[in-house]
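The figures here come from the full heavy-atom set of this structure, side chains too, leaving out hydrogens, waters and symmetry mates.
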Amino acid sequence: MIKKEEIFGYTPDKKYSTAVAYFSMEFAIDQPLKIYSGGLGFLAGSHLRSAYELKQNVLGIGLLWKYGYYDQVRDGNALMKPEFIEKDYSFLVDTGIVFTIQVHGSPVHVKAYLLKPETFGSAPLFLLSTDVPENDYLSRTITHCLYDPNEQTRIAQTIILGIGGATLLDILQIKPDVYHMNEGHSVSLNFYLYAKYESLEEVKKRVVFTTHTPEMAGNEAHSYGLLKEMSFFYHLQEDEAKALLGMEGDNFNYTVAALKFARKANGVSKIHGEVARKMWGGYQGICEITSITNAQNKTYWKDTQLDEALGSNNDEAIISRKKEMKRALFKTVADQCGKLFDENILTIVWARRFAGYKRANLVMQDWERFLKFISNSQYPVQVIWAGKPYPEDSGSIELFNNIIASVKPFANCAVLTGYELALSAQLKKGADVWLNTPRMYREASGTSGMSAAMNGAINVSLPDGWIPEFAKDMENCFVVQPAADELPVEEKDAQEARVLMDTLEQKVLPLYYDKNAQWMTILKKAAADIVPAFESGRLAAEYYEKMYQV
């Protein structure tokens, strides 16, 4: 069995000596380790990377997904389809630890692996798997697919993460001062802690919680009866679990429970903190909800040559390197889509997790205007889309494929598949404009625009999530003014589509082609304003200051 001193490989800095166990369903640490779906994982990965750089006493607890999220490939018509391909990771350390926990009233064997800090430059990360010979087939499938669509499998996954992760720490004789739930998936760990300490107050002393989504669908809830049957409450009966937290109704909401178990919680931007307080503030017995704005790790995301050019304020070097990065991206465009893009043409990228409220097609809402936009010979443009829908979200997959079909005839429009860390980095480095078009108050934070700005891409965005804390319109980005809150959704979409196109046509394009010195000023100002405010070293330090210290 692995020894405690082998886990870190470094001595934590004294100012970060508080021991933290960071539980998350997904971690985007590096491209080869495919155990993430989107923003939650990107955030967790950057957090662990900065924790490593700052030598913080943080270790991660996650699950080892045998098939990852899914592989985004194309069918015979070049449309997107999900494939589930087995992954193998020789760089993970087998800890020799196998233990059992109860799932559905039966023992399930759990094996622990370790991603050592030196492998990818991250705080140590333990990954749990049920895909071991000791388990029957059904138990082995628990850690097969991230966010499995089967309800009982999803519940089992949260039990392995929460109760399994807490059990592993006890086996390792690691006693965290703080258990940090990154989203509510690991909330079952609190029932394990309650059995250990026999006091809700003792649990609350040790637990903090980050809520990531204002989407109700993203705040998981299941019936008490099914959760009890699944062994989710550890040793408690259904009525005992309700009484412990003062919860009523038929469904157990992970987020509400996490807010009752934690001593403190946070939203992931200032605006999201306000939204979260409005969403959950009516529940009795919840903890304080503050906000810590998400951030991204510059060491991982930056292009070193561009960063040096930005640091020396060398416009010629910035322009030259940006064109080189565009050419690298355009090789991928040519390979996937058979289209040859030009590094001298303004390139707009829309790329992130694919969900309806993010409105990937907002730029296309007025189709005739879009056609004129992409065929403007005075101010030519190239447009690229990428992103991963949830593999069971037929509406988002249909939208993705509609965009593929709609732009197929145009040589200057492309839709890329395979949106993971490597492609995300390539898109940010090759973009001139990073487009962000969510419906207001539905993007908790959004982080892709941060790492895009580190790489010389200028954000064109609605003022949701992190953007209001950063944005200076026409100084470090272009802000798309939102429609009035009280308008119907369809009217908002139409109005914001018009304002978006006005912004692109009347501000962005003329500036890029006619006033390049001003464009460069905005690009450099954006890169300067991102760090340190939206670099994850700030985030990792702020969690210690605001959340981890008692």
Side-chain angles (χ1 to χ4, degrees), residues 28 31 34 36-43 45-46 69-74 80 294 296 300-303 322 325-326 328-337 339 341 346-364 374 381-390 393 396-397 399-404 406-407 412-438 443 445-462 464-467 477-478 480 500 504 508 526 530:
Q31 175 64 27
K34 301 169 188 289
Y36 57 89
S37 72
L40 181 71
F42 278 48
L43 177 278
S46 275
Y69 185 40
Y70 69 91
D71 287 86
Q72 190 184 34
V73 299
R74 297 181 192 264
M80 189 209 113
N294 281 350
Q296 288 296 298
Y300 181 77
W301 288 106
K302 74 177 180 182
D303 176 77
K322 192 67 188 176
M325 295 194 298
K326 288 173 79 171
L329 169 61
F330 297 164
K331 286 181 181 178
T332 300
V333 172
D335 181 42
Q336 284 202 25
C337 306
K339 299 178 180 184
F341 280 19
L346 177 87
T347 301
I348 299 170
V349 173
W350 188 104
R352 54 192 33 83
R353 186 174 65 84
F354 218 87
Y357 75 87
K358 294 176 184 277
R359 300 188 298 189
N361 60 343
L362 192 66
V363 73
M364 308 165 74
I374 61 170
V381 297
Q382 296 164 154
V383 189
I384 301 171
W385 288 264
K388 267 192 174 182
Y390 179 60
D393 183 352
S396 290
I397 291 173
L399 174 59
F400 192 96
N401 284 332
N402 280 342
I403 295 174
I404 290 177
S406 297
V407 304
N412 58 338
C413 294
V415 183
L416 302 181
T417 54
Y419 187 70
E420 293 176 351
L421 282 164
L423 181 58
S424 178
Q426 197 174 49
L427 286 160
K428 289 161 183 172
K429 290 170 183 177
D432 294 306
V433 165
W434 194 259
L435 199 57
N436 183 39
T437 51
E443 189 67 86
S445 181
T447 58
S448 62
M450 300 172 186
S451 35
M454 293 172 186
N455 286 287
I458 297 177
N459 280 270
V460 174
S461 178
L462 274 94
D464 199 10
W466 71 284
I467 291 291
C477 69
F478 298 90
V480 178
L500 169 62
L504 292 170
V508 175
I530 283 293

Exercise. Which residues pass the side chain to side chain contact (heavy atoms under 4.5 Å, CB included) test with Lys302, sequence neighbours left out?
Worked result: Lys298, Thr304, Asp307

Seminar exercise, completed: Phe42 meets the ring pair (Phe, Tyr, Trp, His ring centres under 6.0 Å) criterion, sequence neighbours left out, with Tyr36, Trp301

Seminar exercise, completed: With sequence neighbours left out, the residues meeting side-chain hydrogen bond (donor to acceptor under 3.5 Å, both in side chains) with Tyr419 are Ser424

Problem set entry | Under the side chain to side chain contact (heavy atoms under 4.5 Å, CB included) test, residues paired with Ala457 that sit two or more places apart | Lys322, Ala431, Trp434, Ala452

Exercise. Taking the side chain from Lys388 and the backbone from Tyr70, do they hold a donor-acceptor pair closer than 3.5 Å?
Worked result: yes

Exercise. If you look at every heavy atom in Met80 and Thr417, which pair is closest and at what distance?
Worked result: CG-CG2, 4.5 Å

Problem set entry | Contacts of type side chain to side chain contact (heavy atoms under 4.5 Å, CB included), residue Thr447, not counting sequence neighbours | Asn294, Gln296, Ser445, Met450

For this session: For Arg352, check salt bridge (charged side-chain N to carboxylate O under 4.0 Å, His left out) against everything at least two apart and list the hits.
Result: none

For this session: Please confirm whether the backbone N or O of Pro438 pairs with a side-chain atom of Arg359, one donor and one acceptor, at under 3.5 Å?
Result: yes

Problem set entry | ring pair (Phe, Tyr, Trp, His ring centres under 6.0 Å) partners of Phe330, counting only residues at least two apart | Phe341

For this session: For Lys326, enumerate each residue passing the salt bridge (charged side-chain N to carboxylate O under 4.0 Å, His left out) test, keeping only those at least two apart in sequence or located in another chain.
Result: Asp432

Problem set entry | Side-chain touch Val415/Cys337, heavy atoms, less than 4.5 angstrom | no

Problem set entry | Residues in ring pair (Phe, Tyr, Trp, His ring centres under 6.0 Å) contact with Phe354, at least two apart in sequence or another chain | Trp350, Phe400

Exercise. Any donor and acceptor pair, going by atom type alone, linking the side chain of Lys339 with main-chain N or O of Val333 inside 3.5 Å?
Worked result: no

For this session: Applying side-chain hydrogen bond (donor to acceptor under 3.5 Å, both in side chains), name anything that partners Gln72, two or more places apart in sequence or on another chain.
Result: none

Exercise. Of all residues at least two apart in sequence or in a different chain, which pass the side-chain hydrogen bond (donor to acceptor under 3.5 Å, both in side chains) check with Asn412?
Worked result: none

For this session: Just jot down the side chain to side chain contact (heavy atoms under 4.5 Å, CB included) partners of Asn361, sequence neighbours excluded, or say none.
Result: Met364, Leu399, Ile403

